[in-house]
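What follows is a set of notes on a single structure, which appears directly below.
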Amino acid sequence: MKKDGLIIWRIQLKPIEKERTTQDKNYKQIKKAILFGGIASDEIFTEFQLAERLNTSRTPVRAAIQDLVKEGLLVSIPRKGLTVRKITPEVQDEIFLLRSAIEVESVKKLTQEITTPEQLRLLKLILKQQEEALQNDYAISFIRLDHDFHLSLTRLANFTIIEQVLNNLHNLTQLMGLKAVSKHGRMKNVLMEHNQIIQALEEKNPELASQAILNHLEKTKETLIIVDNS
């Protein structure tokens, strides 16, 4: 564009993408391996071994490990090294107690919030994506979508703080979820249980919705006990 004899260039400025640091890359790689089974739950390893496997220096690996220890995903064993956090039966009980209380209230409120079928479209879409993950035997995608499904219940109910609480439990629930779906047939049962929750919400029946979510969580808990004892 020309103005007062000067040429003014109209340049569209785009945000500059910040390159991830080596520490950030290591953190994401190690966390992914922990959550998705790349590091066995009974494996004991050192900072040096991780650095070798990642083909990088120990300094960024050490910083990444410190963050993961703070998050509760890694545990330091004196004079031995590190291991993935074991979720004890006591911790599982606490998580299911918390989730039961939270999610029952979420679906109860949601039965009152629903006014149109479109409001449940997101849950149905997630369920369809889980069906595809099951057909392709993608356990990792299935668990990620499972988290999205349960988080969407609180989000649709407009429970902002409760949504944050569930997000804080995400790492632990993902470890538990991957263990649960390792049992043959569990993914298929999860789909049926999620569908029952949606149907109860469509009927706007708070008692039925509460029972559906409690049944789903109880079945997951029972599955974890079976896997642990097998």
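Around CD1 of I77, the count of heavy atoms belonging to other residues, nucleotides or ligands within 6.0 Å exceeds 12. Crowding of N55 atom CG: a count of heavy atoms from other residues, nucleotides or ligands under 6.0 Å not exceeding 12. Other residues, nucleotides and ligands place more than 12 heavy atoms under 6.0 Å from the CD atom of Q92.
Take K80 and apply the side-chain hydrogen bond (donor to acceptor under 3.5 Å, both in side chains) test, not counting sequence neighbours, and it matches no residue. The side-chain hydrogen bond (donor to acceptor under 3.5 Å, both in side chains) test applied to D93 returns K221, not counting sequence neighbours. The side chain to side chain contact (heavy atoms under 4.5 Å, CB included) test applied to L156 returns L110, L123, not counting sequence neighbours. The side-chain hydrogen bond (donor to acceptor under 3.5 Å, both in side chains) search around D228 returns K179, not counting sequence neighbours. Checked against salt bridge (charged side-chain N to carboxylate O under 4.0 Å, His left out), K188 has no partners two or more places apart in sequence or in another chain.
Side-chain contact between P60 and T21 is absent, with no heavy-atom pair separated by less than 4.5 Å. Q174 is listed as a side-chain neighbour of H170, based on a closest heavy-atom distance under 4.5 Å. The shortest distance between side-chain heavy atoms of T223 and V181 does not fall below 4.5 Å. By the 4.5 Å heavy-atom criterion applied to side chains, I30 and L54 are counted as neighbours. Proximity of K109 to N158: side-chain heavy atoms (C-beta onward) are separated by under 4.5 Å at one or more points. With contacts defined as side-chain heavy-atom distances shorter than 4.5 Å, the pair D146/V190 qualifies. Between P206 and V107 there is no side-chain heavy-atom pair separated by less than 4.5 Å. The side-chain heavy atoms of R85 and L74, taken from C-beta on, include no pair separated by under 4.5 Å.
For residues 188-210, the ring pair (Phe, Tyr, Trp, His ring centres under 6.0 Å) pairs, not counting sequence neighbours, are F149-H194, H150-H194, H194-H216.
Linking Ile, Leu, Val, Met, Phe, Trp and Tyr residues whenever their side-chain heavy atoms come within less than 4.5 Å leaves I225 and V227 in two separate clusters. Hydrophobic clustering places L217 together with V91 (ILVMFWY residues linked when any side-chain heavy atoms are closer than 4.5 Å, directly or through intermediates). Residue M187 is not grouped with residue I226 when hydrophobic side chains (ILVMFWY) are merged at heavy-atom distances under 4.5 angstrom, including chains of intermediate members. When hydrophobic clusters are built by joining Ile, Leu, Val, Met, Phe, Trp and Tyr residues whose side-chain heavy atoms come closer than 4.5 Å, directly or via intermediates, I102 is not grouped with L97. The hydrophobic clustering, which links ILVMFWY residues whose side-chain heavy atoms are closer than 4.5 Å, places L208 and L153 apart.
The pair E103-K108 does not count as a salt bridge, with every side-chain nitrogen at least 4.0 angstrom from each carboxylate oxygen. Taking a cutoff of 4.0 Å between a charged side-chain nitrogen and a carboxylate oxygen, E47 and R53 do not qualify as a salt bridge. Taking 4.0 Å as the cut-off between side-chain N and carboxylate O, E52 and R58 do not count as a salt-bridged pair.
If you take CD on Q199 and CG on L120, they are separated by 11.5 Å, rounding to the nearest 0.5 Å. L122 CG to D148 CG: the interatomic distance, rounded to the nearest 0.5 Å, is 8.0 Å. Taking CG of D24 as the reference point, atom CG of D67 lies at 9.5 Å (rounded to 0.5 Å). Atoms CG and CD1, on L201 and I114 in that order, are 4.5 Å from each other to the nearest 0.5 Å. If you take NZ on K31 and CD1 on I39, they are separated by 13.0 Å, rounding to the nearest 0.5 Å. The distance from the CG atom of L169 to the NE2 atom of H147 is 9.5 Å, given to the nearest 0.5 Å.
Shown here for V104 and S210, the closest heavy-atom pair between the two residues is CG1-OG, 3.8 Å. The heavy-atom pair separating T83 from F45 by the smallest distance is CA-CE2, 4.1 Å. Taking both residues in full, the closest heavy atoms of R99 and L166 are given as CG-CD2, 4.2 Å, listed atom of the first, atom of the second, then distance. Listed here is the closest heavy atom pair of F159 and S106: CD1-OG, 3.6 Å. For N136 against E132, the heavy-atom pair with the smallest separation is ND2-O, 2.8 Å.
Side-chain N/O atoms of T160 and R155 include no donor and acceptor closer than 3.5 Å. With no hydrogens or angles considered, no side-chain donor-acceptor pair links Q130 and Y138 at under 3.5 Å.
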- Would T56 and N26 count as a side chain to side chain contact (heavy atoms under 4.5 Å, CB included) if you check the C-alpha gap in whole Å, the side-chain angles of each, and the deciding distance to 0.1 Å? CA-CA 9 Å; T56 189; N26 280 291; 3.3 Å; yes
- Would you sort out whether L191 and F142 count as a side chain to side chain contact (heavy atoms under 4.5 Å, CB included), showing the intermediate values? CA-CA 10 Å; L191 291 178; F142 189 92; 3.9 Å; yes
- Query: Given the rule in the side chain to side chain contact (heavy atoms under 4.5 Å, CB included) test, do T46 and L82 qualify, once you have shown the distances and angles that lead to the verdict?
  - Reply: CA-CA 6 Å; T46 64; L82 299 145; over 6 Å; no
- Message: Run V84 and E43 through side chain to side chain contact (heavy atoms under 4.5 Å, CB included) and show every step you take.
- Response: CA-CA 7 Å; V84 176; E43 184 178 352; over 6 Å; no
- List the steps and the verdict of salt bridge (charged side-chain N to carboxylate O under 4.0 Å, His left out) for E202 and K124. CA-CA 11 Å; E202 284 180 320; K124 291 181 178 180; 2.5 Å; yes
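A donor-acceptor contact shorter than 3.5 Å links the side chain of Q119 to the backbone of T116. A donor-acceptor pair is defined here as one N or O able to donate and one able to accept, closer than 3.5 Å; no such pair exists between the side chain of N215 and the backbone of Q211.
Of the candidates I95, N168, I87, T173 forms a side chain to side chain contact (heavy atoms under 4.5 Å, CB included) with just one, namely I95.
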